[in-house]
Amino acid sequence: MLGELTFDPLFNETGIPLAVMGMLLVFVALSILVGVITAMPHIIALLEGNADAAEPTPSHAKSSATKSPTTAPSVGPNSDPNSDPELSPELIAVIAAAAEAELGAVRVVRMRPLTPSEIAWTLEGRLRHHASHRLQPRNR
Amino acid sequence: MLGELTFDPLFNETGIPLAVMGMLLVFVALSILVGVITAMPHIIALLEGNADAAEPTPSHAKSSATKSPTTAPSVGPNSDPNSDPELSPELIAVIAAAAEAELGAVRVVRMRPLTPSEIAWTLEGRLRHHASHRLQPRNR
Amino acid sequence: MLGELTFDPLFNETGIPLAVMGMLLVFVALSILVGVITAMPHIIALLEGNADAAEPTPSHAKSSATKSPTTAPSVGPNSDPNSDPELSPELIAVIAAAAEAELGAVRVVRMRPLTPSEIAWTLEGRLRHHASHRLQPRNR
Amino acid sequence: MNAIEFLTTKASQIFQTTAFPSLEVGNAIMIVVGLIFVYLAIAKDYEPLLLVPIGFGIIVGNIPAVEGMPLSVYDEGSVLRYLYFGVERGVYPPLIFLGIGAMTDFSTMLSNPKLILLGAAAQIGVFGTFLGALVLGFDPHEAGAIGIIGGADGPTAIFLSSRLAPQLLGAIAIAAYSYMALVPVIQPPIMKLLTTKEERLIRMPPSRTVSTRERILFPIIAFLVCTMLAPGAIVLIGMLFFGNLLKECTVTDRLAATARSGMIDIVTILLGFCVGASTSAPYFLKQESILIFVLGALAFSVATASGVLFAKFMNLFLRTKINPLLGAAGVSAVPDSARVVHMVGREADPQNFLLMHAMAPNVAGVIGSAIAAGVLWSQLAN
Amino acid sequence: MNAIEFLTTKASQIFQTTAFPSLEVGNAIMIVVGLIFVYLAIAKDYEPLLLVPIGFGIIVGNIPAVEGMPLSVYDEGSVLRYLYFGVERGVYPPLIFLGIGAMTDFSTMLSNPKLILLGAAAQIGVFGTFLGALVLGFDPHEAGAIGIIGGADGPTAIFLSSRLAPQLLGAIAIAAYSYMALVPVIQPPIMKLLTTKEERLIRMPPSRTVSTRERILFPIIAFLVCTMLAPGAIVLIGMLFFGNLLKECTVTDRLAATARSGMIDIVTILLGFCVGASTSAPYFLKQESILIFVLGALAFSVATASGVLFAKFMNLFLRTKINPLLGAAGVSAVPDSARVVHMVGREADPQNFLLMHAMAPNVAGVIGSAIAAGVLWSQLAN
Amino acid sequence: MNAIEFLTTKASQIFQTTAFPSLEVGNAIMIVVGLIFVYLAIAKDYEPLLLVPIGFGIIVGNIPAVEGMPLSVYDEGSVLRYLYFGVERGVYPPLIFLGIGAMTDFSTMLSNPKLILLGAAAQIGVFGTFLGALVLGFDPHEAGAIGIIGGADGPTAIFLSSRLAPQLLGAIAIAAYSYMALVPVIQPPIMKLLTTKEERLIRMPPSRTVSTRERILFPIIAFLVCTMLAPGAIVLIGMLFFGNLLKECTVTDRLAATARSGMIDIVTILLGFCVGASTSAPYFLKQESILIFVLGALAFSVATASGVLFAKFMNLFLRTKINPLLGAAGVSAVPDSARVVHMVGREADPQNFLLMHAMAPNVAGVIGSAIAAGVLWSQLAN
Ligand code: NA
Ligand code: NA
Ligand code: NA
């Protein structure tokens, strides 16, 4: 039975009609999302009036950090530690603490950059993603 | 039935007698704790004799860091990284390692302080808790 | 019954024969491992030819860091942060980031060394293991 | 059948597969409630680590069910049911207590032990509410579970409900967390009403230093004292002090660190989400729930008042007076009620730092509520 | 019985206790397959976080069983069976979605919403494969589970299989992850075939800034829209957007951090290992599995083509043209297919940075596949 | 009934609800044992990561039960029972092995493979104790479970006990961990007795460098060799080498990091606590337990002696002599016995650094014990 071609099941309720309905539902759902997302900034602006027309700075800063890939290449891979999702505030705090304590000096002798796959999991769209060498697998 | 007031159940075993007994047990248990805690330093001192009358320094240091709220405001938020419960020894070790490696210099360009609710979970009673603005919720 | 000595069970299938067979299997398995491990570098060398006779640097560096206990004492306890299994790449990355940011300077005022038992779990055989005081338990 | 008729039929068929046909008013109300929870958590910063999961869980739990598909926490074989298991059987609360123990610093309490009694006094909220619930017609099991809302401790409330009155668990948990989030709103008026300006100005002497040894011995001794007297509290109290021992004993730091970070976070996410998802309208929107919310408000008010009044009562006998505001911190709701005490104290005198001192009755209140839960359970279990 | 005879008997007895006597060709083949998975993961860096656990799991699952000892994921009472429970009942996939939600940044998608439709178009791969599986003789339940391979989303595929066709779960999961790992091999030729050089040169305008408020509102609204239309997707979609809300709402960072690190790592390890271990040769090496692999290749190709062609179709109506390569990213396989788009784009114009833009259809594809799974489940469950 | 009579009655009633009336001598003894465990862990730093949880668990498990309340690990429906499930069914030990694999560095062993045989020789402790237990009248299943104490590996002992003799699990686990903690006390005299001063002075040549490739291949090959020969060891050995592959393969660092931190910590906390809590006096204080402790001491002594003597035996054939102290490290008890070797070596020659070399037999001993457990299980299961 398996492997032989049978076209009857296509014309049952659970055949083409289901497939069509499924695609329709996917499109309807995502189209509504498109509409909602398009409308959202306008609705928010309406609700707020001009009271706080100026975007709150923190989100601004964060967005711009992740939103401008074309300018990013000039920036070092870790120049904005705050935007890294794996960097806990404690981590940043401790370095600040160290910095405050003054005197002495630090140099990191060597570091391993994140492997491509580790970065991949963050889905952050950072510049390191751009390096096409990710697709030319290392040979070991 | 529910919502109508009935006073009979109060006078069963599982009514007022249970409530009274419960309160009694809570008070007895916590009163014993009060007694034990009050006695503990004296018993410890007795057991040790004067051999180590001087409190071991590490605990001293830690306690004083968390115990003197009135002087704390002058201290920066992260000046004592060791007292932070989220800072693992590894973290401190790596910074020491970096410091030892010498040369070069570090400056943290920006840092995000812990959000109030994150701090809250540590229950550490640090000074940041004192800021009353925590109770005047941010408006977003 | 329990506690009285009975020698009969030793001569059943599940007595001495099982014990002997067990020891044999343990020795056979581990002996094969000895053989395989001994042969492995040669087989790898054969398969690779001389193409990459030079060992890849990273593994070299790492191995040497963990392999030369006799020279290690002169090195500070955390001089090779990369070899620490608890140090995530993110951690190293953030310090690099801090270092890149330049200016200012860091000194760690105090650090708590890893407790012996914490180190123990890493099984890394670092030099701190050598300190025999680990075996003269602290008295508190 | 012409084309329009065909399309109409099709559209209606598709519509039938959506959740809209089975959406009822109750669900819609609860979804709005969930949205309000999320809003309060984010915009007002009220207990966000719990209200965000609970709020989103409420929304998820009120998307109407589809016949034949196991989706909700009440459907055998659904994913949410497996996750809800830890709520229903009371497994999550002790794990949360383990994490809380591993993050709690009992030093302040150890340095000023008489403040512990304020944490005991606040349990009048528990037993008073228990009696109130009896009067309103709940049976003793249910009354016990409702009373524990006065303990102002979410995990304890969930644990005791799962043992005594599983059918009320959702309402009790939501009530407990709602009022815990509202502590900054509920407590100040009561505190001001029951204290004079002079009382609020009382300053507390600085705490003494507590030795490592004391902090190691405390969880062990306290565990023995509490559970020998109230063995029903063994799981909650045991985990609390186990976590604290891991924290204080200096040789198990890595275990304590995991208990107070990864472990408690995972359990908090699952607990909050599942409790929220269990408030499906047909199970939740009942008269009982309304009564439970009324009793919950009573519980928090009574607990606050008891703490404050007991502090004033203690002052009758003490040479060094206690600031009676500290009594309000006996309502556990850690650390919100301690912060409220601090804030109200600073309103009277901006130089009066009560926070550290308020942590003592605050954590004592956690212990007191766990003991109260143990007593209620052991007396009502049989 | 002389000494040699004795030793021979003994040696043969010992040999009988090893796994060699019961080793069959099928097991050996599967072990080699497992080794290839591990090799590809390590040497070629193909989805290593999944292929290493799956590959090693395949090796473990094909060490031949010993009679009377519960060892495999299919033996009642074995350790692996307890761990496999989360696969079999579909518990792990939603937890993974929780973590994915907590690491996904929907900003790009929010700043360019029309790209979402590319993620919808790629679901033609799902329903096309579903029809193909029906034609090949699979029953509708099985066909639904096979079709979801076209969603290019491992957890979704495992979840739906566990609901509709548990007996095919291993083959479907392995097929899904294999092709996800092979995305950089499968997609480029199709993309180049269906686009002209000019189309590939189209540059996308920079995205607008998305406010915090939008990013907080999005997961809540999107959840309501998606699950009201396809309630079968509630668990996957619910966890995805719950995780995202934890990430974006700014007050639950510690929960989001745990969800996207410790929690998802633990579940990933267990899921991958158990899926691998479930491919024991007698359960896996069947005609079905081969057909499933054939259909899986079809699914990925159709999905890629649909995305690209739909982008070209949209361009007929749009003033600002879309680079049709972006359509290929509608196949979720996050973030590999987005990277493939970026790479193919740069082949045509090294200054064209498509990655950020490709993330929009990419994450939309995840949502689309979850909806598709919900529809298939709800229609086929009864 | 006058006032005094009333108060007496009440006080006695309250007393009846406490744990005191049902406290028996056995419980009190066990609580003291628990306190000693905690003391040794904190003050002497003996295996604190295990002895603190176990010790506190013993205390918790011996607070006397209250009738009608499910509290202990043996009561159906209690929280501790759900947590104990992972002990009883052997789920926790493989997860711990996963974490141990992810933190173990096999480099030293790879650079000096002949030291592996010392880890094999130490398993004479396992099989010798097995025979001893048979002689003392234990049945073969029990004897197998007791013998594995000689493996000096807590998770392996718990795993095998759960399979062969669940009724002895508590005693075996406590014995194994007790003696592991006492390794610095037990081993040195035996080591000094069996070696001459000259032998102790032998220095080992520096190890060669091991390539990444070798470290990646090793866990895979070793897994295949070990489990083909002893398929009963598949779960423990499989998880150990799976964890090690995650660590060494360079592309799954985040999974390895979680496995060796959050995951193993959580499992360690639960395992230790539950094993401790299972030692409720009525289950634990029996003649069997005493015999098990006697046999356990024998097991560790025999294992140590076997390792040392086998090293001396190997020296008869080797040109480059092995320091026979290294044989004692074949008793796994990682990494304590390796440290003991190092310390005893330095007593003879302060410039002799044996630690790194001792890690080789030490980790080989873990593998050897797991194989021994696999053989015992597969032979005794039927
Ligand atoms: Na309380
Ligand atoms: Na998809
Ligand atoms: Na061993």
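Chain A is the first sequence line, chain B the second, and so forth, proteins listed ahead of strands; every chain is numbered from 1.
A ring-centre distance under 6.0 Å is found for C:F27 and F:F310.
For a heavy-atom cut-off of 4.5 Å, chain C lies close to F:V225, F:C226, F:L229 in residues 225-233 of chain F.
Taking each heavy atom of F:L354 and F:H342 in turn, the nearest pair found is N-ND1, 3.2 Å. Nearest heavy atoms, F:H141 versus F:L164: CB-O, 3.5 Å. Scanning both residues, C:I44 and F:R213, for their nearest heavy atoms gives CG2-CD, 3.7 Å. In terms of heavy atoms, F:G368 sits closest to C:L30 at CA-CD1, 4.2 Å. Here the closest non-hydrogen pair linking F:V210 and F:S107 is CG2-O, 3.5 Å.
Chain C forms more heavy-atom pairs under 4.5 Å with one residue of F:I116, F:I371, F:N362 than with any other, namely F:I116. Comparing C:P41, C:A29, C:G15, C:S31 by how many heavy-atom pairs each has under 4.5 Å with chain F, the most go to C:P41. Interface remark: of the candidates F:V294, F:L376, F:L134, F:V375, F:L134 forms the most heavy-atom pairs closer than 4.5 Å to chain C.
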Report the C-alpha distance between F:L118 and F:L115 in whole Å, list the side-chain angles of each, state the deciding distance to 0.1 Å, and finish with yes or no for side-chain contact (heavy atoms from CB on, under 4.5 Å). CA-CA 6 Å; F:L118 301 176; F:L115 296 181; 4.0 Å; yes
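Neither the backbone nor the side chain of F:A256 comes within less than 4.5 Å of any heavy atom of chain C. If you measure heavy-atom distances from C:V36 to chain F, the contacts under 4.5 Å come from the side chain alone. For F:F106, no part lies under 4.5 angstrom from a heavy atom of chain C. C:I43 does not touch chain F: none of its heavy atoms, backbone or side chain, sits under 4.5 Å away.
Take F:T129 and apply the side-chain hydrogen bond (donor to acceptor under 3.5 Å, both in side chains) test, not counting sequence neighbours, and it matches no residue.
A distance of 5.5 Å separates CZ of F:F218 from CG of F:L110, quoted to the nearest 0.5 Å.
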